[in-house]
Amino acid sequence: PTPRGSVGPQAAPASGGAATDHASLDADGIPKDMAVSRESHRSALVAFYKRHGVAKTDAEIDSSLGKYSSDGAEGLSKMWGILRRKYASEAQTVAKPVSERQAMVEKLKSFYQLKGVAKTDEEIERNVDKYAKPESGGFEKMWATLETKYGPNDGTKRGPEEATASHNKESALDEQRRKLRTFYESKNVLKSDEEIDHAIRKYSTPESGGFERMWETLERKY
């Protein structure tokens with residue numbers, strides 16, 4: 001008999017086949033119960049990445065699980081929360097009418113041209129896709145942020161000196177953003193675009209100590 005307080009062997013499924021956790025996954029393919037086994041989380045993670053067309057090696061998957069499972073169910077819940085925001089919500093963006101998305105891309109492209117800000121098509125599309133997600137605050141927040149940076153979206157054109165200064169600042173921030181994203185990927189740390197943007201905004205101010213302080217903090221932590 002199994003001693004009281006210990007966990008006995010799990011019963012085999014009635015069909016005689018191997019047990020699966022498909023019934024315990026939500027619509028995004030994420031375990032509903034964070035207390036399931038590590039192997040169940042691993043199987044779900046492999047399937048999740050495959051579903052979203054993301055290539056990950058076994059070592060990368062095991063590293064992510066090892067990092068977040070060290071905090072138990074709370075850590076795994078955080079991992080899945082980041083993945084849901086980063087990948088699962090992209091399906092909502094794809095589902096939007098192409099014409100609506102393209103119209104916003106063209107509108108944003110015109111805004112940057114008017115303000116004398118150089119942005120690649122890829123950067124513009126990424127920005128539109130980011131704010132198409134409900135959790136980002138939507139396009140209303142996007143325009144509010146842009147107007148704070150560049151002035152009102154009323155057809156006003158910036159002067160050459162102002163446009164050059166703005167472009168140089170944005171280029172520097174974009175470079176820090178790319179470096180930060182690459183750093184986290186090299187450490188196999190999951191961070192959403194919103195979290196990266198928040199860090200860049202935070203350390204872009206003099207009172208925060210600047211990006212030198214940010215990199216010192218990251219190097220001590222990782």
Side-chain angles (χ1 to χ4, degrees), residues 63-64 67-68 70-71 74-75 77-87 89-90 93 104-105 107-222:
S63 177
S64 290
K67 174 181 175 60
Y68 288 96
S70 61
D71 291 331
E74 182 179 351
S77 180
K78 179 181 179 181
M79 178 190 79
W80 283 114
I82 292 171
L83 287 170
R84 188 192 300 277
R85 291 192 298 274
K86 186 173 179 64
Y87 296 110
S89 58
E90 288 179 0
T93 302
M104 189 59 67
V105 167
K107 184 177 179 180
L108 184 54
K109 187 181 297 183
S110 296
F111 176 85
Y112 280 131
Q113 290 173 347
L114 183 67
K115 300 300 182 181
V117 179
K119 291 286 183 180
T120 65
D121 289 346
E122 181 182 354
E123 288 172 322
I124 291 172
E125 290 178 3
R126 185 166 62 237
N127 210 28
V128 168
D129 289 340
K130 170 186 172 181
Y131 283 99
K133 301 174 183 177
E135 64 269 21
S136 71
F139 292 123
E140 184 176 345
K141 182 176 180 180
M142 179 187 80
W143 288 114
T145 302
L146 289 169
E147 290 181 359
T148 299
K149 283 185 178 180
Y150 304 113
N153 185 21
D154 59 0
T156 304
K157 190 172 184 178
R158 288 191 167 193
E161 292 184 2
E162 190 180 5
T164 300
S166 176
H167 170 65
N168 291 340
K169 180 180 179 181
E170 283 303 305
S171 295
L173 292 178
D174 285 343
E175 178 62 23
Q176 290 292 338
R177 192 175 287 107
R178 282 191 288 268
K179 286 174 63 177
L180 184 56
R181 186 177 290 110
T182 300
F183 175 84
Y184 281 130
E185 288 175 353
S186 70
K187 301 298 182 182
N188 203 31
V189 176
L190 293 168
K191 290 289 181 180
S192 66
D193 289 342
E194 288 77 14
E195 288 173 314
I196 290 175
D197 287 342
H198 174 75
I200 294 300
R201 287 195 301 272
K202 173 183 175 182
Y203 286 100
S204 65
T205 58
E207 58 268 23
S208 69
F211 292 117
E212 183 176 347
R213 173 79 176 275
M214 180 186 79
W215 289 113
E216 288 175 355
T217 303
L218 287 170
E219 287 171 5
R220 284 197 302 269
K221 185 173 183 178
Y222 298 106

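Remark: Asn127 CG to Tyr112 OH distance equals 4.5 Å, nearest 0.5 Å. Taken from CZ in Arg201 to CZ in Arg177, the straight-line distance is 8.5 Å, to the nearest 0.5 Å. The line from NZ of Lys141 to NZ of Lys130 is 7.5 Å long, rounded to the nearest 0.5 Å. Rounded to the nearest 0.5 angstrom, Glu74 CD and Ser77 OG are separated by 8.0 Å. Interatomic distance, NZ of Lys119 versus CG of Asp174, reported as 4.0 Å (0.5 Å rounding). Considering NZ of Lys202 and CZ of Arg213, their distance stands at 8.0 Å, rounded to 0.5 Å.
Between Lys133 and Arg85 the shortest heavy-atom distance is NZ-O, 3.9 Å. Taking all atoms of both residues into account, the shortest heavy-atom contact from Ala199 to Leu180 is CB-CD2, 3.9 Å. Of all the heavy atoms in Ile82 and Ser192, the pair that sits closest is CG2-N, 4.2 Å. Between Lys67 and Asn188, the shortest heavy-atom distance links the atoms CD-O, 4.3 Å. Across all non-hydrogen atoms, the minimal contact from Ser204 to Ser208 is N-OG, 4.3 Å. Of all heavy-atom pairs spanning Met79 and Leu190, the tightest one is CG-CD1, 3.7 Å.
Salt bridge present: Arg181 and Asp193 bring a charged side-chain N and a carboxylate O closer than 4.0 Å. Remark: Arg126 engages Glu122 in a salt bridge, criterion side-chain N to carboxylate O under 4.0 Å.
For the pair Met142/Leu108, a side-chain contact is recorded, criterion being any heavy-atom separation below 4.5 Å from C-beta on.
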Go through the steps to decide whether Val117 and Phe111 satisfy the test side-chain contact (heavy atoms from CB on, under 4.5 Å), and finish with yes or no.
CA-CA 9 Å; Val117 179; Phe111 176 85; over 6 Å; no

Using the ring-ring contact (aromatic ring centres under 6.0 Å, His included) rule, take Phe183 and Trp215 through it: C-alpha gap first, then chi angles, then the decisive distance, then the call.
CA-CA 10 Å; Phe183 175 84; Trp215 289 113; 5.7 Å; yes

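Taking the centre of each ring, Trp80 and Tyr68 stay at or above the 6.0 Å mark. No close placement of the Tyr131 and Trp143 rings is indicated, their centers lying 6.0 Å or farther apart.
The cationic group of Lys187 does not satisfy the cation-pi geometry with Tyr222, failing either the under 6.0 Å distance to the six-membered ring centre or the 45° limit from the ring axis.
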